[in-house]
Novice: 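Structure below; questions to follow.
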Amino acid sequence: MEKKVALITGATSGIGKATAHLLAQNNFDLILTGRRKERLEALREQLEHLNASVIVLPFDIRNNDETVSAISSIPGHFKKRISVLINNAGLAAGRDSFQNGLLSDWEQMIDTNIKGLLYISRLIVPLFIENKNGHIINIASIAGKEVYENGNVYCATKHAVDALSRSMRIDLFRHDIQVTNIAPGAVETEFSLVRFKGDKETADKTYDGFQPLTGEDVAEVILFAVTRPPHVSINDILITPKAQGNATSFNRK
Ligand code: NDP
Ligand code: 8X3
């Protein structure tokens with residue numbers, strides 16, 4: 001039987017990269033995206049040793065023209081086998097109070113987390129409709145379930161992802177397309193380093209005194225969701241470290 005193909009956005013690091021490894025080990029071929037081309041090439045080489053066929057597409061998901069041209073470059077025989085889209089590329093930029101927020105940070109988060117997800121989904125959904133099959137995994141966040149001080153626009157973008165997961169599900173389930181919303185709490189990836197713009201000391205403090213999730217922990221949930229029997233749909237999962245009670249409460253020791 002032909003292997004399924006999963007398209008993972010934001011596979012150069014963190015949750016996306018861990019998911020690429022786990023799906024390759026579990027009989028998936030892959031299309032991997034992200035801006036950092038060298039990282040994508042290195043990942044392709046590693047995953048090909050696991051016998052996965054891998055296509056890498058380096059582009060900026062904030063740019064619709066780049067997204068259209070990347071998706072059109074996928075060879076037809078590979079494209080029609082895509083049955084899983086993992087909308088993972090995303091970021092928080094800054095952790096400022098609303099009145100101190102930078103417009104450039106707001107735009108980067110809105111353009112990546114919301115518009116990027118829409119740009120790529122609208123290109124893949126027609127394939128799923130044609131195939132009468134498909135699975136969209138949206139990586140939202142606990143920040144899409146709650147808001148917290150100085151989380152403002154990041155929380156708004158993840159609430160948008162949560163709303164889109166529910167809206168996509170209602171619009172697409174009659175086409176046999178399922179939508180899974182995954183909302184992680186604290187996962188130690190490059191997320192905090194990006195949020196605090198390279199300030200490693202502040203980034204590391206995020207995880208002081210407790211054991212955060214890893215990208216692999218979230219990847220396992222994704223693998224579970226995409227390997228259920230065809231009649232089962234996992235709709236929404238909130239996963240946190242055991243030491244996290246809600247978006248802002250941590251049992252730090
Ligand atoms: P990382 O920073 O480790 O990974 C983010 C990925 O997104 C990278 O591969 C990056 O690739 C990609 N990305 C960012 N901007 C763009 C862009 N403009 N175009 C294309 N790709 C882009 O963080 P995580 O793995 O933690 O984050 C993955 C997702 O999980 C995000 O949506 C995040 O909001 C969400 N999340 C993270 C949590 C956490 O605590 N870490 C908790 C809850 C949700 P590149 O830079 O090469 O373009
Ligand atoms: C990332 C988790 O709590 O920093 O989405 O917003 S949090």
Novice: Contact between Ile31 and Phe78 at the side-chain level, heavy atoms closer than 4.5 Å - yes or no?
Specialist: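 With C-beta onward as the side chain, the pair touches.
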Novice: So, do Tyr154 and Phe191 have ring centers that fall under 6.0 Å from each other?
Specialist: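 Yes, the ring of Tyr154 comes within the 6.0 Å limit of the ring of Phe191, centre to centre.
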Novice: Picking from Leu47, Thr12, Ile55, what satisfies side chain to side chain contact (heavy atoms under 4.5 Å, CB included) with Leu32?
Specialist: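 Only one of Leu47, Thr12, Ile55 forms a side chain to side chain contact (heavy atoms under 4.5 Å, CB included) with Leu32, namely Leu47.
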Novice: Apply the side chain to side chain donor-acceptor pair (under 3.5 Å) test between Glu41 and each candidate in Lys37, Arg39, Arg44; give the one that qualifies.
Specialist: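 Testing Glu41 for a side chain to side chain donor-acceptor pair (under 3.5 Å) against Lys37, Arg39, Arg44 leaves exactly one candidate, Arg44.
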Novice: With a 6.0 Å cut-off (strictly less than), is the heavy-atom count around CD of Glu48, excluding the residue itself, greater than 12?
Specialist: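 Enclosed: over 12 neighbouring heavy atoms sit under 6.0 Å from CD of Glu48.
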Novice: Ser121 and Asn87: side-chain hydrogen bond (donor to acceptor under 3.5 Å, both in side chains), yes or no, with the steps?
Specialist: CA-CA 8 Å; Ser121 299; Asn87 282 316; 3.0 Å; yes
Novice: About how many Å separate CG of Leu43 and CG of Leu30, when rounded to the nearest 0.5 Å?
Specialist: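 So the CG of Leu30 and the CG of Leu43 are separated by 8.0 Å.
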Novice: Applying the side chain to side chain contact (heavy atoms under 4.5 Å, CB included) test to Phe128, which of Ile82, Val84, Leu172 qualifies?
Specialist: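 It is Ile82, the one option of Ile82, Val84, Leu172 that forms the side chain to side chain contact (heavy atoms under 4.5 Å, CB included) with Phe128.
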Novice: Would Lys3 and Phe28 satisfy side chain to side chain contact (heavy atoms under 4.5 Å, CB included), going step by step from the backbone distance to the final call?
Specialist: CA-CA 6 Å; Lys3 287 174 152 188; Phe28 278 82; over 6 Å; no
Novice: Considering all heavy atoms of both residues, which atom of Ala92 and which atom of Met109 are nearest to each other, and what is their separation?
Specialist: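 Taking every non-hydrogen atom into account, CA-SD, 3.7 Å.
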Novice: Does atom CZ of Arg174 have more than 12 heavy-atom neighbours from other groups under 6.0 Å away?
Specialist: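 It does not: Arg174 CZ has 12 such atoms or fewer within range.
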Novice: Between Asn181 and Asn138, is the side-chain hydrogen bond (donor to acceptor under 3.5 Å, both in side chains) condition met? List the steps.
Specialist: CA-CA 5 Å; Asn181 190 75; Asn138 289 332; 5.2 Å; no
Novice: With a cutoff of under 4.5 Å between side-chain heavy atoms, which Ile, Leu, Val, Met, Phe, Trp and Tyr residues group with Tyr119?
Specialist: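 Under the 4.5 Å side-chain rule, Tyr119 groups with nothing.
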Novice: With a 6.0 Å cut-off (strictly less than), is the heavy-atom count around CZ of Arg228, excluding the residue itself, greater than 12?
Specialist: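 Count over threshold, so yes.
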Novice: Taking the six-membered ring of Phe173, is NZ or CZ of Arg169 closer than 6.0 Å to its centre and within 45° of its axis?
Specialist: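 Ring-cation test returns no.
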Novice: Quick one: CG on Leu127 to OG on Ser83, what's the gap to the nearest 0.5 Å?
Specialist: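 That separation rounds to 11.0 Å.
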Novice: To the nearest 0.5 angstrom, please state how far the CD1 atom of Ile129 sits from the CD1 atom of Ile124.
Specialist: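 If we round to the nearest 0.5 Å, Ile129:CD1 and Ile124:CD1 are 12.0 Å apart.
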